[in-house]
K.L.:
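Would you mind keeping the following structure in view while I ask a few things?
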Amino acid sequence: MAVTNDRFKVDHLTKIMIDTEPFVDYFIIRERTKTANEYIELITALTEAKVSKEKLIVNDRVDVAVVSNIQRVQLPGHGLSLSQVKGNFPQLLAGQSVHSAMEAERASYAGADWLLYGHVFKTNCKRGVEPRGLAELHEISKKVTVDLYAIGGIKPEHIEMLHDIGINGIAVMSTIFESNDPVSAAKEFYEAFQKIEGAEF
């Protein structure tokens, strides 16, 4: 998963997403300062460029997902609850952002379709905040049955150890979207996955 960083205008963000798309399974569109119309402008531009809607996950903005006919949403801790989304929009698949084993178990029980846990390693996005490390992530991977993704400071060299813990995949923001060469950055992660023989994230 590649998570957008809310730092680019729609046209530039569209280009980065189109260029990196061959190496990304899903994009989480997390543009907190953009209007609903800007979200829709972005999604329209992506779909016109043949980026599948199946690859798009809208962060927080359930309204945008519904209007744009996007099937997946990522719910932050401060947003609508899983029960609200599932009860009112049963057609949506909903992931939940979690920061502890307790939150992960609750979200799994509440019907989350996947979990996003972080931040795992030190990252500039959470400057001054201690990373949560791998121990709790490993604990969560043994307790929940839904897909589990890790986020936060992840580099290509971490892929093998994260795979060994038993998670289903990773989410990356700054390493791709703040890179001088986003395509090469995305490709490096893609190739790191390919090196793990028989690995399925």
Side-chain angles (χ1 to χ4, degrees), residues 1-6 17 20 23-32 39 54-62 64-65 70-86 89 92-126 129-156 158-159 161-178 185-186 189-190 192-193 199-201:
M1 292 181 173
V3 187
T4 68
N5 64 355
D6 197 19
M17 293 175 73
T20 57
F23 308 108
V24 174
D25 292 319
Y26 296 101
F27 289 100
I28 297 179
I29 304 173
R30 183 176 178 270
E31 298 291 299
R32 292 175 172 176
Y39 265 89
E54 289 295 310
K55 282 195 167 190
L56 304 180
I57 301 171
V58 177
N59 185 77
D60 197 22
R61 296 297 304 264
V62 175
V64 169
I70 301 294
Q71 189 182 11
R72 293 174 172 83
V73 293
Q74 179 69 35
L75 303 178
H78 59 76
L80 295 173
S81 69
L82 277 161
S83 60
Q84 288 171 321
V85 173
K86 292 284 189 177
F89 307 101
L92 295 180
L93 297 173
Q96 179 74 58
S97 298
V98 297
H99 306 92
S100 69
M102 184 180 292
E103 282 184 18
E105 288 186 78
R106 284 178 181 164
S108 178
Y109 182 76
D113 293 292
W114 68 87
L115 303 175
L116 183 59
Y117 173 86
H119 64 292
V120 177
F121 302 111
K122 188 176 179 180
T123 171
N124 288 336
C125 297
K126 301 281 186 180
V129 181
E130 274 298 303
R132 293 183 166 85
L134 296 173
E136 191 170 42
L137 179 63
H138 194 194
E139 179 188 342
I140 294 169
S141 74
K142 291 187 288 187
K143 288 184 175 180
V144 301
T145 55
V146 297
D147 286 351
L148 175 62
Y149 294 83
I151 189 170
I154 297 170
K155 308 292 185 208
H158 297 137
I159 299 300
M161 76 170 78
L162 289 167
H163 173 260
D164 290 345
I165 283 175
I167 66 170
N168 300 90
I170 62 163
V172 178
M173 181 190 290
S174 57
T175 310
I176 291 176
F177 285 96
E178 292 180 17
F189 280 102
Y190 177 82
F193 283 110
E200 290 188 10
F201 275 83

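Just so you know, these numbers come straight off a predicted model, no measurement behind them.
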K.L.:
Checking the side chain of Ser141 only, and the main-chain atoms of Ile165 only, is there a donor and an acceptor separated by less than 3.5 Å?
P.N.:
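Between the backbone of Ile165 and the side chain of Ser141 there is a qualifying donor-acceptor contact (under 3.5 Å).
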K.L.:
Once side-chain hydrogen bond (donor to acceptor under 3.5 Å, both in side chains) is applied, do any residues pair with Asp60, and if so which ones, sequence neighbours excluded?
P.N.:
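Result, side-chain hydrogen bond (donor to acceptor under 3.5 Å, both in side chains) vs Asp60: none returned.
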K.L.:
Hey, are the side chains of Met17 and Ile29 touching, using non-hydrogen atoms and a 4.5 Å cut-off?
P.N.:
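They are in contact (side-chain heavy atoms under 4.5 Å apart), so the answer is yes.
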K.L.:
For Phe177, check ring pair (Phe, Tyr, Trp, His ring centres under 6.0 Å) against everything at least two apart and list the hits.
P.N.:
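Listed in chain order: nothing, the list is empty.
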K.L.:
Do the side chain of Arg32 and the main chain of Asp6 share a donor and acceptor less than 3.5 angstrom apart?
P.N.:
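Looks like no, no N/O pair under 3.5 Å.
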K.L.:
Just verifying a value: how many Å separate Ile154 CD1 and Phe189 CZ, rounded to the nearest 0.5 Å?
P.N.:
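Here the rounded value is 7.5 Å.
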K.L.:
Can you list the residues that meet the side-chain hydrogen bond (donor to acceptor under 3.5 Å, both in side chains) rule with Thr4, with sequence neighbours excluded?
P.N.:
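side-chain hydrogen bond (donor to acceptor under 3.5 Å, both in side chains) list for Thr4, sorted by chain: Glu31.
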K.L.:
Rounded to the nearest 0.5 Å, how far does CD1 of Ile70 lie from CG of Leu93?
P.N.:
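Between Leu93 CG and Ile70 CD1, I get 12.0 Å after rounding to 0.5 Å.
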K.L.:
Is any side-chain heavy atom of Asp113 closer than 4.5 Å to a side-chain heavy atom of Asp147?
P.N.:
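The answer is no; the side chains never approach within 4.5 Å.
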K.L.:
State, yes or no, whether a side-chain contact exists between Leu137 and Ile167 at a heavy-atom distance under 4.5 Å.
P.N.:
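Yes, side chains in contact.
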K.L.:
What's the verdict on side-chain contact (heavy atoms from CB on, under 4.5 Å) for Phe89 and Val62, showing C-alpha distance, side-chain angles and the deciding distance?
P.N.:
CA-CA 9 Å; Phe89 307 101; Val62 175; 3.7 Å; yes
K.L.:
Side-chain donor-acceptor contacts of residues 73-83 below 3.5 Å, not counting sequence neighbours, with atom names and distances?
P.N.:
unit_1	atom_1	unit_2	atom_2	d
Gln74	OE1	Trp114	NE1	2.7
Gln74	NE2	Ser97	OG	3.0
Ser81	OG	Ser83	OG	3.0
Ser81	OG	Gln84	N	3.1
Ser81	OG	Gln84	OE1	3.3

K.L.:
Any chance you could lay out the side-chain contact (heavy atoms from CB on, under 4.5 Å) test for Phe193 and His163, step after step, and finish with the verdict?
P.N.:
CA-CA 9 Å; Phe193 283 110; His163 173 260; over 6 Å; no
K.L.:
Taking all non-hydrogen atoms of both residues, which atom of Val120 and which atom of Ala150 are closest, and how far apart?
P.N.:
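Taking Val120 first and Ala150 second, the nearest heavy atoms are CG2-CB, 3.8 Å.
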K.L.:
Taking only residues two or more places apart in sequence or in another chain, which ones pass side-chain contact (heavy atoms from CB on, under 4.5 Å) with Ile151?
P.N.:
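Listed in chain order: Val3, Leu116, Ala171.
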K.L.:
With Lys55, which residues qualify under side-chain contact (heavy atoms from CB on, under 4.5 Å), at least two apart?
P.N.:
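For Lys55, the residues satisfying side-chain contact (heavy atoms from CB on, under 4.5 Å) (neighbours in sequence not counted) are Glu21.
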K.L.:
Nearest 0.5 Å please: distance from the CG atom of Asn168 over to the CE atom of Met1.
P.N.:
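If we round to the nearest 0.5 Å, Asn168:CG and Met1:CE are 9.5 Å apart.
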K.L.:
Please tabulate, for side-chain N and O atoms in residues 101-111, each donor-acceptor pair with protein atoms closer than 3.5 Å (sequence neighbours left out).
P.N.:
unit_1	atom_1	unit_2	atom_2	d
Glu103	OE1	His99	N	2.9

K.L.:
If we only count heavy atoms from C-beta on, is the Thr175 to Lys155 side-chain gap below 4.5 Å?
P.N.:
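Result yes, sub-4.5 Å side-chain heavy-atom pair found.
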K.L.:
Using the ring pair (Phe, Tyr, Trp, His ring centres under 6.0 Å) criterion, which residues pair with Phe121? Sequence neighbours excluded.
P.N.:
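Scan of Phe121 (ring pair (Phe, Tyr, Trp, His ring centres under 6.0 Å), adjacent residues dropped) gives His158.
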K.L.:
Rounded to the nearest 0.5 Å, how far does CZ of Phe27 lie from CD1 of Ile176?
P.N.:
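Rounded to the nearest 0.5 Å, the CD1-CZ separation comes out at 7.5 Å.
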K.L.:
Answer yes or no: is there a side-chain heavy-atom contact under 4.5 Å between Met161 and Leu134?
P.N.:
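Yes, their side chains come closer than 4.5 Å.
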K.L.:
Taking all atoms of both residues into account, what is the closest heavy-atom pair of Pro156 and Ala192, and its distance?
P.N.:
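Shortest heavy-atom separation between Pro156 and Ala192 comes out as O-CB, 3.8 Å.
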K.L.:
At what distance, to the nearest 0.5 angstrom, does CG of Leu162 lie from NE2 of His138?
P.N.:
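Leu162 atom CG to His138 atom NE2 measures 11.0 Å (nearest 0.5 Å).
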K.L.:
Tell me, with the steps shown, if Arg30 and Met173 meet side-chain contact (heavy atoms from CB on, under 4.5 Å).
P.N.:
CA-CA 10 Å; Arg30 183 176 178 270; Met173 181 190 290; 3.3 Å; yes
K.L.:
If you look at every heavy atom in Tyr26 and Glu54, which pair is closest and at what distance?
P.N.:
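Closest pair (atom of Tyr26, atom of Glu54, distance): CE2-O, 3.3 Å.
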K.L.:
Mind checking what makes ring pair (Phe, Tyr, Trp, His ring centres under 6.0 Å) contact with Tyr190, not counting sequence neighbours?
P.N.:
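For Tyr190, the residues satisfying ring pair (Phe, Tyr, Trp, His ring centres under 6.0 Å) (neighbours in sequence not counted) are Phe23.
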K.L.:
Is there side-chain contact between Leu115 and Tyr149, with heavy atoms separated by less than 4.5 Å?
P.N.:
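No, side chains not in contact.
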